[in-house]
Amino acid sequence: MRRRSFIAGAAALACGRPGHAPRFAFSETRETVAALVEAWREKMPVVGLSLALVDRGELAWAGGFGMADREAHRPADADTVYAIGSLTKLYTALTALRADARAALDLDAPLQRHLPQLRAPGVDAVRLRHLLCHRSGLISDWHRGSLGERPPDWRLVADEIADEPLIAAPDRWYAYSNVGYTLMGHVLDSMSEKPFPDHALDVARDTLGTSALCFDPPPLLAAGYCAGRREVEPRLRLQPAAGMYGSVLDLVPLLRWLLAGDGLAAAMLTPQPAGPLDCDERWGLGLALKHVGLAHAGRVGWHTGRTFAHRAVLFVLPDRGLGIAVLANFREAGGVEDLAVDALQTALLERDGLDLPPSVGDGEARPRAAFDPVALQRHVGRYANDFDVVRLELGHGGLVSRAELGDTALIPAQGGGFHSAANRDSHVTITDRAGYHVLTSTVRGIETRIGVRCPEGPVPEDWLRRAGRYRVDAAPGEVVAFKAAHLEHVGGGLELRLELPQAFATSSTLARFALAPSGPRDATIFGIGRGKGQRVAAEDGPDGPALAWAGYRLLRSDA
């Protein structure tokens, strides 16, 4: 494989720790990662990233690629500090588990016992444990002041969301929630003699050993980039959910601890209850537990992190003794998850001879079933997924999924379901499940929910006249991750589309949500999972319509 000068010198590819020879060299894995990063660089404005690989408790490889600060000519290496985003949740979960183990906290106690200001109907059924596995039914995000140089105190969030309706009954389905982890931080903060950040860092040091993790951005934080352009990395308000900074070496003690699998680590890796609408999605306490790219490796624990311009991912394979952390400083680095998975797949093959098992996509022929337009017509409509709304229509001898980023043919398969033209490994089904018409994809035996059909019908006139462009009524110094919000009448329903600043996206859309009006001034974001079920409230004032959503006040601004 070709390996060019994007690797930031021998010093940026340190191997092992002083006095500890790694058990395995992983030379092929290193070459593969270097080639993948180089190929990535040819397609996207890759700036810098760092990686650490742990093998059976030893640091096997740690190094960097590209630049931590391009303008200062500072290369990325194993010591480069990034915003680790939602990897912070692992340390918040650890702090909660330590408190539970010492009987200072009961994870099965009601959340309302600690935060009585929460008074929405049904919140009395939320338990602290639900917060750690994202099954609380609490809203996913609260955007008020979420990014900025000096965000508001995160401990005020409990008061700000006190009357926000639950998106679902606790334990109904998994819905990722930054708010849930922020409230867990609030509980831990109120019961400790120290503020939550200091308390969480103390627990991390006591449990995992020395670490330079911190909640304040250090002077040499890696610069952030979007579309190759330098951007200021703002602070995140919800610190217990996503507020930490650190290097890949700072994450190594956590990798080692999870791989060793002591009592609390085992608890983090223990699957929590799931329901029919979760498909094969499984969470422990702080960790996602299944991944299609690593299903052949035994148990998997993983999490991703995302801030304004930094990206992060961490994986552990306890049954194989392998763990990896990857951090990057450019917004387009959503691919760090794929890079980490490819690195672990290569390491498993190189060290253990364990290859990915064959999949349905490995064969040349995928028999097509007869096209029955009458039977397929029942699946036509709009489907809401995590961050988009797609439309299924008849076409190409089956169904076609139409989205802003392109179309995908779904070809009827013999025996039922569909082949996906976009992913040869995927078997797609559309079924009625727990009261919803659900679109799922099964890859290597793992089924995931990829869409839920939206209700169709006439849009109330009160909502139709509010259609248009809206801006966020932001506080001074607040950073908003989207340029504008658009309330749009699309097909048979209403949608809220968030517009990206044009400079850093090929698509103009950051996210698109289907709205389900429930009255002249009230609607909810339709669907299952992150961001769904949240209230959107409307008001009509002398200056025109305004919308309230996730703590934001959106003002009509059609110009």
Side-chain angles (χ1 to χ4, degrees), residues 23-24 26 29 51-61 86-87 89-94 96-98 100-101 107 129 132-135 174 176 207-208 248 251-275 278-305 312-326 336-359 425 442-449:
R23 298 186 180 191
F24 197 87
F26 292 104
T29 302
L51 175 150
L53 179 69
V54 172
D55 175 25
R56 299 187 179 102
E58 296 293 334
L59 178 60
W61 173 35
S86 288
L87 298 192
K89 292 181 175 68
L90 305 184
Y91 296 91
T92 299
L94 169 59
L97 284 164
R98 275 284 294 270
D100 181 71
L107 289 182
R129 183 179 302 274
L132 298 182
C133 57
H134 302 287
R135 301 187 64 81
Y174 151 79
Y176 190 88
T207 307
L208 310 175
V248 289
L251 297 172
V252 166
L254 177 62
L255 289 171
R256 287 196 185 103
W257 180 77
L258 288 169
L259 291 172
D262 79 357
L264 298 185
M268 292 181 72
L269 288 159
T270 298
Q272 300 299 301
D278 295 309
C279 300
D280 288 327
E281 188 94 48
R282 291 295 182 275
W283 276 78
L285 300 178
L287 287 165
L289 299 184
K290 287 199 174 186
H291 196 284
V292 294
L294 294 166
H296 64 303
R299 290 178 298 157
V300 180
W302 64 288
H303 210 293
T304 60
V313 68
L314 177 148
F315 278 88
V316 289
L317 306 178
D319 298 332
R320 294 287 168 176
L322 284 173
I324 194 169
V326 186
V336 293
E337 178 185 325
D338 293 334
L339 181 68
V341 169
D342 287 340
L344 288 174
Q345 288 173 347
T346 308
L348 287 166
L349 181 59
E350 182 181 11
R351 191 196 68 183
D352 301 339
L354 181 66
D355 200 358
L356 277 169
S359 72
D425 290 332
T442 300
V443 177
R444 300 187 183 278
I446 296 180
E447 184 185 43
T448 56
R449 188 186 63 246

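Just so you know, these numbers use all the heavy atoms, side chains as well, and skip hydrogens, waters and symmetry mates. Since the structure is predicted, the reported quantities are computational estimates derived from the model, not experimental observations.
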Checking side-chain contact (heavy atoms from CB on, under 4.5 Å) for the pair Leu269/Leu289: CA distance, chi angles, key distance, verdict?
CA-CA 7 Å; Leu269 288 159; Leu289 299 184; 4.1 Å; yes

For Ala101 and Leu264, the nearest pair of non-hydrogen atoms, with its separation, is CB-CD2, 4.1 Å

Could you measure the distance from the OG1 atom of Thr304 to the CG atom of Leu87? Nearest 0.5 Å is fine.
7.5 Å

Do Arg256 and Leu59 have side chains that approach each other closer than 4.5 Å (heavy atoms only, starting at C-beta)?
yes

Interatomic spacing from CG in Leu97 to CG in Leu107 - rounded to 0.5 Å:
6.0 Å

Residue pair Gly284 / Cys133: nearest heavy atoms and the distance that separates them
O-CB, 3.3 Å

Does Asp278 use its side chain to pair, donor to acceptor, with the backbone of Tyr174 at less than 3.5 Å?
yes

Donor-acceptor contact present, side-chain Trp302 to main-chain Lys290, <3.5 Å
yes

Here the salt bridge (charged side-chain N to carboxylate O under 4.0 Å, His left out) pairs for residues 340-351, sequence neighbours left out, are Asp55-Arg351

Check whether any side-chain heavy atom of Leu258 lies under 4.5 Å from a side-chain heavy atom of Leu254, and answer yes or no.
yes

Taken to the nearest 0.5 Å, the spacing of Arg135 CZ from Arg129 CZ works out to 13.0 Å

Minimal non-hydrogen separation, Val54 against Leu259, with atom names
CG1-CD1, 3.9 Å

Report the residues that fulfil ring pair (Phe, Tyr, Trp, His ring centres under 6.0 Å) with Tyr176, sequence neighbours left out, ordered by chain and then residue number.
His134, His303

Could you pull out the closest heavy-atom pair between Ala96 and Leu132, with the gap in Å?
CB-CD1, 4.1 Å

Atom pair CG (Leu285) and OG1 (Thr92), whose distance is rounded to the nearest 0.5 Å
13.0 Å

Indicate the atoms forming the closest heavy-atom contact of Met268 with Leu90, along with that distance.
CE-O, 3.7 Å

Validation: residues 312-326 side-chain donor-acceptor distances under 3.5 Å, sequence neighbours left out:
from	atom 1	to	atom 2	distance (Å)
Asp319	OD1	Arg299	NE	3.0
Asp319	OD1	Arg299	NH2	3.0
Asp319	OD2	Arg299	N	2.9

If every non-hydrogen atom of Ile446 is compared with every non-hydrogen atom of Ala295, which pair is closest and at what distance?
CD1-CB, 3.8 Å

Before giving the answer on side-chain contact (heavy atoms from CB on, under 4.5 Å), spell out for Leu53 and Leu344 the whole-Å C-alpha distance, their side-chain angles and the decisive distance to 0.1 Å.
CA-CA 9 Å; Leu53 179 69; Leu344 288 174; 4.1 Å; yes

Backbone of Pro357 reached by a side-chain donor or acceptor of Arg444 within 3.5 Å
yes

Just by distance, do the side chain of Arg282 and the backbone of Cys279 share a donor-acceptor pair under 3.5 Å?
yes

